[in-house]
Amino acid sequence: PGWFSEISPLWPGEAHSLKVEKILFQGKSDYQNVMVFQSSTYGKVLVLDGVIQLTERDECAYQEMITHLPLCSIPNPKKVLVIGGGDGGVLREVSRHSSVEQIDICEIDKMVVEVAKQFFPDVAVGYEDPRVNLHIGDGVAFLKNVPAGIYDAVIVDSSDPIGPAQELFEKPFFETIARALRPGGVVSTQAESIWLHMHIIEEIVANCRQIFKGSVNYAWTTVPTYPSGMIGFMLCSTEGPAVDFKNPINPIDDESEPKTLAPLKFYNSEIHQASFCLPSFAKRVIESK
Ligand SMILES: NCCCN[C@H]1CC[C@H](NCCCN)CC1
């Protein structure tokens with residue numbers, strides 16, 4: 001009954017709106033306001049502090065790309081850590097890689113996990129994989145306590161740098177990621193929109209270049225229900241065996257395990273390569289740093 005508009009100081013002067021059929025859940029966790037509504041044309045929608053996190057219709061574009069851009073760029077990923085990602089969508093995508101033996105996830109807000117399991121079963125299906133170990137807590141503290149060099153890949157599926165995810169955009173956090181990765185290990189982080197946040201991206205790229213001595217790249221995807229219709233990712237690797245993110249060496253074939261998952265809706269090796277091609281205004285900032 002009416003419209004939801006995504007108004008935020010992070011994208012002043014604009015707001016994407018979705019027609020609401022029914023509000024399904026409203027709650028306040030220890031960290032943020034949590035809402036789920038049935039939209040008219042994008043399926044169910046998860047909203048945290050007034051910001052759209054995912055919709056059933058287009059979540060594939062984000063979850064598949066943030067996961068397969070790193071994991072298809074290294075041979076035989078075995079140990080993967082997800083920071084954030086409480087809805088389970090990234091877990092679902094990691095579980096498509098049969099070489100993976102252990103999937104740790106550290107999500108700060110358990111209400112997000114519970115709400116995802118209740119309202120987004122096709123996203124939270126990721127939790128059903130026996131390789132998954134769920135930790136409820138702060139990703140920064142979690143990373144400080146893990147032994148150095150144990151992960152092949154870290155995926156930072158964060159919300160935006162306002163609220164609980166603020167520290168996931170700062171330099172000390174990137175340092176803890178580099179410490180937790182093996183030589184030639186890879187990280188993929190939610191890195192905002194080149195249309196909205198070139199300054200944030202400039203800062204993140206500068207920090208990544210100081211910390212990740214392998215390669216540092218920005219890639220992007222289209223997500224109709226995120227402001228500006230797109231979102232990007234930092235793809236970085238630590239010093240060690242070279243990683244060429246632009247040419248996937250570890251393709252996912254849909255015949256791989258687990259058979260229970262719906263086939264990929266968005267990711268493929270061509271769009272993997274295309275996602276690193278940037279418009280000039282972004283290229284001159286990101287590739288010069
Ligand atoms: N697993 C899905 C979580 C999605 N993370 C974020 C949710 C908020 C969204 N705001 C976009 C702000 C403009 N770039 C970015 C992705």
Side-chain angles (χ1 to χ4, degrees), residues 4-18 31-36 42-70 82-95 103 105-109 111-113 115-117 119-120 122-127 132 134 139 154-166 168-169 188-204 218-234 265-267 282:
F4 166 82
S5 295
E6 189 188 43
I7 294 165
S8 167
L10 270 173
W11 37 93
E14 62 183 277
H16 186 246
S17 301
L18 290 173
Y31 298 94
Q32 54 207 335
N33 290 303
V34 181
M35 174 174 62
V36 179
Y42 275 82
K44 291 198 271 305
V45 182
L46 174 63
V47 178
L48 299 179
D49 280 348
V51 176
I52 292 171
Q53 303 296 304
L54 65 87
T55 82
E56 287 181 306
R57 180 169 162 191
D58 65 2
E59 54 91 10
C60 61
Y62 176 93
Q63 321 276 21
E64 291 181 24
M65 291 294 274
I66 198 171
T67 305
H68 303 311
L69 288 178
V82 179
I83 301 289
D87 52 69
V90 168
L91 298 177
R92 176 192 68 204
E93 296 309 315
V94 174
S95 74
I103 310 171
I105 175 169
C106 185
E107 163 60 55
I108 200 161
D109 191 344
M111 185 180 277
V112 172
V113 179
V115 164
K117 288 179 176 178
F119 296 101
F120 300 90
D122 294 341
V123 179
V125 63
Y127 285 104
V132 170
L134 170 63
V154 176
I155 298 168
V156 186
D157 174 14
S158 70
S159 49
D160 300 307
I162 278 194
Q166 177 116 24
L168 304 185
F169 288 81
S188 173
T189 77
Q190 192 270 101
E192 302 298 351
S193 159
I194 55 176
W195 284 114
L196 301 172
H197 299 127
M198 242 7 272
H199 296 307
I200 294 177
I201 295 168
E202 192 169 7
E203 181 94 6
I204 292 173
Y218 178 94
W220 60 282
T221 187
T222 74
V223 183
T225 56
Y226 286 165
S228 79
M230 58 85 65
I231 187 99
F233 312 103
M234 286 311 300
K265 292 183 190 155
F266 193 94
Y267 178 87

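Order of listing sets the numbers, starting from 1, for every ligand and every atom in it. Just so you know, these numbers use all the heavy atoms, side chains as well, and skip hydrogens, waters and symmetry mates. Along the sequence shown, the residues carry numbers beginning at 1.
- Contacts with ligand 1 closer than 4.0 Å are made by heavy atoms of both the backbone and the side chain of Gln53.
- Nearest non-hydrogen protein atom to atom 3 (C) of ligand 1 is Asp157 OD1, 3.2 Å.
- Atoms of ligand 1 found under 4.0 Å from any heavy atom of Ser193 (numbered from 1 in listed order, with element): 14 (N).
- Taking a 4.0 Å cut-off on heavy atoms, Pro227 registers as neighbouring ligand 1.
- Looking at Arg92 and Glu59, a side-chain N of the basic residue comes within less than 4.0 Å of a carboxylate O on the acidic one, giving a salt bridge.
- Closest protein heavy atom to atom 14 (N) of ligand 1: Glu192 OE1, 2.7 Å.
- For Asp157 and Tyr62, the side-chain atoms include at least one donor-acceptor pair closer than 3.5 Å.
- Counted within 6.0 Å of CH2 on Trp11, heavy atoms from surrounding residues, nucleotides or ligands total more than 12; the atom is thus considered enclosed.
- No donor-acceptor contact under 3.5 angstrom links the side chains of Asp87 and Gln53, judged on distance only.
- Those atoms of ligand 1 with a heavy atom of Gln190 less than 4.0 angstrom away are 15 (C), 16 (C).
- Among all non-hydrogen protein atoms, the one lying nearest atom 12 (C) of ligand 1 is Trp11 CZ3, 3.2 Å.
- When heavy-atom distances to ligand 1 are checked against a 4.0 Å cut-off, Ser228 has no atom that comes that close, whether in backbone or side chain.
- Under the side-chain contact (heavy atoms from CB on, under 4.5 Å) rule, Val90 has a single partner from Val123, Val156, Val82, which is Val82.
- Among all non-hydrogen protein atoms, the one lying nearest atom 2 (C) of ligand 1 is Asp87 OD2, 3.3 Å.
- Residues satisfying the ring-ring contact (aromatic ring centres under 6.0 Å, His included) test with Trp195, not counting sequence neighbours, are Phe281.
- Summary of contacts: the protein heavy atom closest to atom 4 (C) of ligand 1 is Tyr226 OH, 3.1 Å.
- Under the 6.0 Å cut-off for aromatic ring centres, Phe4 and Tyr42 do not qualify, their centroids lying 6.0 Å or more apart.
- The ring-ring contact (aromatic ring centres under 6.0 Å, His included) search around Tyr218 returns none, not counting sequence neighbours.
- Counting heavy atoms of neighbouring residues, nucleotides and ligands inside a 6.0 Å radius, atom CD of Glu203 does not exceed 12 of them.
- No heavy atom of Val90 sits closer than 4.0 Å to any atom of ligand 1.
- Protein heavy atom nearest atom 5 (N) of ligand 1, with residue, atom name and distance: Ser158 O, 2.9 Å.
- Looking at atom 8 (C) of ligand 1, its nearest protein heavy atom turns out to be Asp160 OD2, 3.4 Å.
- At a 4.0 Å heavy-atom cut-off, ligand 1 touches Gln63 through the side chain alone.
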